[in-house]
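A short write-up of the structure that comes next.
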Amino acid sequence: MKERMDRRPGQRRPANRPSAQSRRKGTTGYARPSTRTRGTRVRNTTPPSASVRGMGNHRSARGTGRPRASKANHAGASGTLLTRRHFLYGAIGVGAVAAVGFGANTLIQQRNAASSTISTLSVPASNVFTLDDYAEIELNNAFEQVGEYELPYGTLMWCNDDSIATCLIPTETASPLTQIGVMKLSSGNLETVVEAANGASDGFEIYDVRGTSSGLVWTEANIFEGTWRILTATLSSSNSVGTAHVVDSGDSSTETPSIAAVDGYAYWVVMPPAGADNEKTGTAQLKRAQFGQESTQTVYEGTGRMAAPLYGASDGVVITPRHPDGTSYFQLVHVNGSTGEVDDSITLPSAMQPVEVGYGNDRFSFCFEAIYSYGDGIANLGTYTPTTNPNGNYDSASWFRFGRTPLAPPAWCDDWLIVKSSQSVVAINFASKSYCTFGIISGATSWGDYLAMSGTHDRVVTISQINEIDTESNANQTCTVRVWKPLS
């Protein structure tokens with residue numbers, strides 16, 4: 001990768017990713033444990049991300065007719081920042097993110113004891129390629145921009161659908177703190193569909209949301225009582241939201257669930273909090289509910305908290321449970337959305353812990369923000385994925401490593417792997433051994449463009465938080481959404 005993709009004008013990258021009680025500018029990224037040395041791995045430094053006022057931080061550049069979304073309340077610049085990191089590690093327990101590490105000798109003993117019985121991913125360094133092996137091409141030779149829209153400053157967005165994206169819109173009031181919006185990818189029209197938490201009268205606020213054209217799933221929490229709820233509802237083609245159903249609830253004895261929406265189902269993971277006494281012994285469950293239904297299904301159950309947030313793919317979800325025969329081993333498990341059954345899995349070497357995962361084009365992706373002293377081809381930080389469909393044989397596959405600290409889970413647009421770099425979003429084509437970068441909008445916050453999509457889709461969706469002062473000292477604060485399609 002050319003150095004220019006990692007530079008931030010006039011700003012060095014801050015040292016070390018903060019804990020969940022972060023004071024950095026809000027982010028559309030997930031929570032991470034606080035910086036630490038763990039066994040034989042060393043955590044790398046990482047940059048900040050996007051911001052949301054009130055719990056919340058976005059503008060625009062060029063465009064052929066960029067429709068302006070319907071007006072929602074803009075976030076003020078002086079509000080309390082609360083980020084997606086807080087959402088997933090829980091506004092009800094943001095102080096409990098620091099996990100207790102253990103020494104290198106313990107890790108080595110565990111690894112040696114279980115290595116004879118647990119088969120783990122083994123990738124030789126000679127089978128791993130990087131951007132140094134690829135040619136950079138101009139963006140306009142690979143993608144065309146098909147939309148650019150302005151949303152309220154501080155809006156967070158998630159897209160795992162070909163038609164819509166779901167948004168968490170900050171308000172200018174203490175309650176409701178946020179609202180749920182649905183944006184049409186074709187027009188940029190943003191409509192507020194849930195104006196307040198279903199449990200607002202009981203002190204609940206909306207903290208996270210995902211959705212598809214079939215329905216919505218969102219998290220509500222009462223941070224003063226340490227309780228959370230998962231709600232679902234159907235969504236019509238006219239953005240009419242059906243009856244909301246509370247499908248699960250809990251307290252601070254469990255972490256606020258990460259959530260996903262895939263086709264007609266809502267998914268969430270219930271597991272012990274980070275740093276809890278039962279972090280490695282408590283029960284972790286992947287649950288789902290069909291939109292419009294109150295009944296739920298536990299589709300996977302394991303022991304100990306999982307490594308990474310739940311990932312919504314186009315054909316199912318990815319979870320990262322501990323191996324049933326060794327709690328220091330994390331697995332990548334793809335649960336098929338049609339059947340609810342596991343149809344793909346791999347086990348990582350002992351103590352290797354992904355911070356993000358993905359699935360697209362019949363293969364896993366995983367992200368390390370640590371550097372390991374073992375693991376051969378997968379020992380470095382970055383985002384890893386096979387360059388071709390491995391057909392279940394991941395050890396023999398050719399792999400690609402995007403060697404930047406992971407700030408977002410990866411996604412796919414047709415045959416292009418889409419990843420977030422330090423500032424820009426990058427598209428990589430394995431067949432042509434080429435890559436291109438999506439330009440950064442002037443006035444964007446330090447983290448630049450953010451990847452707002454997951455799964456495999458026919459377009460790329462990015463957002464930028466814009467906070468700049470024009471020549472007449474007027475503040476310009478917007479969230480700019482850009483939509484791109486590959487040329488072929």
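- D248 and K287 are joined by a salt bridge, as a carboxylate oxygen and a charged side-chain nitrogen come within less than 4.0 angstrom of each other.
- Side-chain contact, T232 with W218: no donor N or O sits under 3.5 Å from an acceptor N or O.
- For the residue pair S424/T437, the side-chain donor-acceptor check at 3.5 Å is not satisfied.
- The two residues M183 and C167 make their nearest non-hydrogen contact at CB-SG, 4.3 Å.
- At least one donor-acceptor pair under 3.5 Å links the side chain of R288 to the backbone N or O of G337.
- Defined by atom type and a distance below 3.5 Å, a donor-acceptor pair is present between the side-chain atoms of Y359 and D344.
- Atom CD1 of I441 and atom CD1 of I466 lie 5.0 Å apart (nearest 0.5 Å).
- Counted by atom type alone, Q179 and E195 present zero donor-acceptor pairs between their side chains at under 3.5 Å.
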Legend entry - Pair Y450-K420, side chain to side chain contact (heavy atoms under 4.5 Å, CB included): steps then yes or no: CA-CA 7 Å; Y450 195 84; K420 171 76 175 84; 4.0 Å; yes
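- Using a distance-only test at 3.5 Å, with no hydrogens or angles considered, a donor-acceptor pair links the side chain of Y311 to the main chain of P410.
- The minimum heavy-atom distance between W268 and A289, with the atom names listed, is CZ3-N, 3.7 Å.
- Atom-to-atom distance recorded for I259:CD1 and W158:CH2 is 7.5 Å, nearest 0.5 angstrom.
- The shortest heavy-atom contact between P272 and G304 is CD-C, 4.5 Å.
- A donor-acceptor contact closer than 3.5 angstrom is absent between the side chains of E341 and N336.
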Inset, instruction - Go through the steps for V426 and F402 under the test side chain to side chain contact (heavy atoms under 4.5 Å, CB included), then give the verdict. - result: CA-CA 10 Å; V426 183; F402 183 72; 4.1 Å; yes
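- Atoms CH2 and CZ, from W416 and F143 in turn, are 5.0 Å apart once rounded to the nearest 0.5 Å.
- Looking at S434, its side chain never comes within 3.5 Å of a backbone N or O of A135 through a donor-acceptor pair.
- Smallest separation of non-hydrogen atoms from M306 and F330: C-CE2, 4.2 Å.
- Donor-acceptor pairing under 3.5 Å is recorded for the side chains of D161 and S213.
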Inset, instruction - Report the C-alpha distance between E205 and S175 in whole Å, list the side-chain angles of each, state the deciding distance to 0.1 Å, and finish with yes or no for side chain to side chain donor-acceptor pair (under 3.5 Å). - result: CA-CA 7 Å; E205 294 288 345; S175 183; 2.6 Å; yes
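- Separating the CG atom in N198 from the CD atom in E220 is a distance of 5.5 Å, to the nearest 0.5 Å.
- Salt-bridge formation is detected for the pair D449/R482: a Lys NZ or Arg NE/NH1/NH2 atom is positioned less than 4.0 Å from an Asp or Glu carboxylate oxygen.
- Panel note: side chain E191, backbone V182; no donor-acceptor pair is recorded below 3.5 Å.
- Taking the ring centre of F129 as origin, the terminal cationic atom of R401 falls outside the region bounded by 6.0 Å and 45° from the ring axis.
- In this structure, OG1 on T462 lies 9.5 Å from CE on M157, to the nearest 0.5 angstrom.
- Checking H457 against D414 by side-chain atom types alone, no donor-acceptor pair falls below 3.5 Å.
- For the residue pair T283 / E301, no side-chain donor-acceptor distance below 3.5 Å is found, with atom types taken as modelled.
- Side-chain atoms of S240 and S238 form no donor-acceptor pair, as typed in the model, at a separation below 3.5 Å.
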